[in-house]
Protein chains: 2
Amino acid sequence: MAPTRPTRDPADTSLRAQVYESLRQALTAGRFRPGQKLTFRFVADALGVSLTPVREALRRLVAESAFEMQPNRSVRVPPMTRAKVLELRDIRMAVEGLAAEKAAANATRQQVAALRRTALEIAAARSRGDSATDREKVREFHFALYSIAEQPTLMRLIEGLWLQTGPYMNLLYPDFVSRPRGPQMRARVMRALQAHDAPAARAEIEDDIRQTLTYVADLADEQGNIRPAPPLASKPRGTFRATASLELH
Amino acid sequence: MAPTRPTRDPADTSLRAQVYESLRQALTAGRFRPGQKLTFRFVADALGVSLTPVREALRRLVAESAFEMQPNRSVRVPPMTRAKVLELRDIRMAVEGLAAEKAAANATRQQVAALRRTALEIAAARSRGDSATDREKVREFHFALYSIAEQPTLMRLIEGLWLQTGPYMNLLYPDFVSRPRGPQMRARVMRALQAHDAPAARAEIEDDIRQTLTYVADLADEQGNIRPAPPLASKPRGTFRATASLELH
DNA sequence: CAATCAGGTTTGTGATCACAAACGAGCCGA
DNA sequence: TCGGCTCGTTTGTGATCACAAACCTGATTG
């Protein structure tokens, strides 16, 4: 197996990559609202670079469906619709279920131990109400799990899917995550990995995704599509614009 | 359901989109060899445009894993490895199987009739040894099938996966396609759609992908990775360079 | 004869500029 | 009061340029 070539190459120091990373992180952390519009020049000004690297970073994100190109002008975070969330749910169940299967076949004791450490960090963050690191560590858990499968192409696909669901995941806090469902699921997944029980690992991951995204979908028509979206143009036209701090690197 | 927003917007007349389409088509038609290297300026010269739209088109294709960015310089068509083909095989089975399921639930008599027409065109092209339209129509059949599912996000995902497998599909001709497997599979899929038998439709598509890509994978180590790759630089350094005609539009 | 080093050349990167299309605020007229 | 028009502004697009890093070729040296 070739060494996993990551989508986000840490060795890439180009401005384009840094802009991409800034936007990606803001998106993953849910700092943009669905429907939010962005102009190229706004991003360029906010990050202090020229249009060139911004264009390439934004276009890449559009290619990954993290943003949508409006027919006329400008890009926006795709608005949330019930149909789309359900579509992403079914896709993620199929793809991440596959990854869980392959991971179960490969998993070593050390890898499961590392997962357990991350699970504890999630519990700690959650108990002190730190939803930011909660989200971050949940992501870390899932990707550490999938990386055990050692399938670079599959991994990139999943990263793309998470990028698309990212902006919606804010809706899970604080109500949904307070249920005991998450910790139980992680415990059962780790047990399945240890036993090399691929179908069980798949079933756990599928259940997790189904429950989570069904919950989000049920909120879709109420929230998310309500706000028409504040423009967020190049010049600070209004009084404030600190909606999302876009720091470089 | 929102109207299917296609990945390749036919209304997009920008140079960037035209460059993208040229390269995509060359790739899908298998006109680039795996491992083939391309420079930005070569593409720009070949198409008679400046670097700007070429950069954006190539970067998008890199984002879609249709090309790879080399650490140092230049992009190349990803070389074929056995592990990678098998990975793509399993992913495509999961994703396209899902699409087939959803299509079976939706299919109308008219849609099945349209599929049947395409199947006949495939048979006609194949019987006269026209492998170019054969490939094209096979693609058309599959995408017409998946589009019945009416899942735009899923559709885009599948397009990306086909883009990645495209350069390898030349290996199927002429030996593999001469088997009676293909026509039989298409007949059974159409029967399953007509009967709204989702599991049967999934099984047919899964079998098709498994057999096709397993065949390709078995050729992987022998072919594909042998040639180190002719550079294909900006100036026609050598004597010829008509390896792939990159006509705009 | 092989490894190294120096030169010129190729190549991606980022900034800047010109331009046309889209936008939006304000005016006008019904 | 409201709908349509106009003109200045905003915004994406594509071309061009400067530059540094990577590459290639050939001479030099051990």
Side-chain angles (χ1 to χ4, degrees), chain A residues 8-9 11-23 35-63 67-77 228-238 241 246 248-249, chain B residues 8-9 11-23 35-63 67-77 228-238 241 246 248-249:
Chain A
R8 295 133 66 203
D9 187 351
D12 189 349
T13 61
S14 65
L15 282 184
R16 172 188 356 105
Q18 293 178 55
V19 172
Y20 173 81
E21 207 48 46
S22 296
L23 291 169
Q36 175 85 263
K37 278 195 266 191
L38 286 183
T39 67
F40 288 21
R41 281 175 171 85
F42 168 77
V43 177
D45 289 350
L47 270 51
V49 298
S50 85
L51 282 178
T52 313
V54 169
R55 282 206 284 186
E56 299 191 0
L58 270 178
R59 297 216 151 277
R60 173 170 173 188
L61 288 161
V62 168
F67 286 100
E68 269 181 4
M69 199 70 195
Q70 302 259 72
N72 296 338
R73 202 79 126 267
S74 80
V75 299
R76 66 169 181 180
V77 181
L232 216 54
S234 65
K235 298 290 182 56
R237 179 186 303 227
R241 62 152 182 179
L246 290 178
L248 245 191
H249 189 80
Chain B
R8 295 134 66 202
D9 188 351
D12 189 349
T13 61
S14 65
L15 282 182
R16 174 188 354 104
Q18 295 178 52
V19 173
Y20 174 81
E21 207 49 45
S22 296
L23 291 169
Q36 175 86 263
K37 278 195 267 190
L38 285 182
T39 67
F40 288 20
R41 280 174 172 88
F42 168 77
V43 177
D45 289 350
L47 269 53
V49 298
S50 85
L51 280 178
T52 312
V54 170
R55 283 206 284 186
E56 298 191 1
L58 270 178
R59 295 216 151 278
R60 173 170 172 189
L61 288 161
V62 168
F67 286 100
E68 271 181 4
M69 199 69 195
Q70 302 258 71
N72 295 338
R73 199 80 124 268
S74 80
V75 299
R76 64 168 184 182
V77 180
L232 215 52
S234 64
K235 297 293 181 53
R237 179 187 302 229
R241 60 150 181 180
L246 289 180
L248 244 193
H249 189 79

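Labels below follow one simple rule: chain letters A, B, ... track the order of the sequence lines, proteins then strands, and each chain is numbered from 1. Computed over heavy atoms, backbone and side chain alike; hydrogens, waters and symmetry mates excluded.
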Reported CZ-to-CZ distance for the pair B/Phe67 and B/Arg60, which is rounded to 0.5 angstrom: 13.0 Å
Tell me if a side-chain donor or acceptor on A/Gln18 pairs with a main-chain N or O of A/Thr13 at a distance below 3.5 Å. yes
Looking at side-chain heavy atoms only, is the closest gap between [X] and [Y] below 4.5 Å?
X       : Y       : answer
A/Val75 : A/Lys37 : no
B/Val43 : B/Thr39 : no
B/Leu23 : B/Leu58 : yes
A/Leu38 : A/Ser74 : no
B/Leu47 : B/Val54 : no

Can you tell me how far [atom2] of [N] sits from [atom1] of [X], to the nearest Å?
X       : N      : atom1 : atom2 : answer
B/Leu58 : C/dT11 : CG    : P     : 14 Å
A/Phe42 : D/dT11 : CZ    : C1'   : 15 Å
B/Phe40 : D/dC23 : CZ    : P     : 15 Å
A/Arg76 : C/dA22 : CZ    : C1'   : 17 Å
B/Leu15 : C/dA20 : CG    : P     : 15 Å
B/Leu38 : C/dT10 : CG    : P     : 18 Å
B/Lys37 : C/dT10 : NZ    : C1'   : 13 Å
A/Gln70 : C/dA21 : CD    : C1'   : 16 Å

For A/Ser50 and A/Ala44, the nearest pair of non-hydrogen atoms, with its separation, is O-CB, 4.0 Å
Closest to side chain of A/Arg16, choosing from C/dG14, D/dT11, D/dT13: C/dG14
A/Arg55 to A/Phe40, cation-pi by 6.0 Å centre distance and 45° axis angle: no
A/Gln70 and A/Arg76: side chain donor to acceptor below 3.5 Å: yes
Any residue meeting side-chain contact (heavy atoms from CB on, under 4.5 Å) with B/Arg16, in chain and number order, not counting sequence neighbours: A/Arg59, B/Asp12, B/Ser14, B/Pro53, B/Glu56
Mind listing the N/O atom pairs, protein and nucleotides 7-9 of chain D, below 3.5 Å?
none

At 10 degrees resolution, what angle do the end axes of the helix from C/dC1-D/dG30 to C/dA30-D/dT1 form when each is taken over five base pairs? 20°
Please list, for nucleotides 16-19 of chain C, all pairs of protein and nucleotide N/O atoms separated by less than 3.5 Å.
none

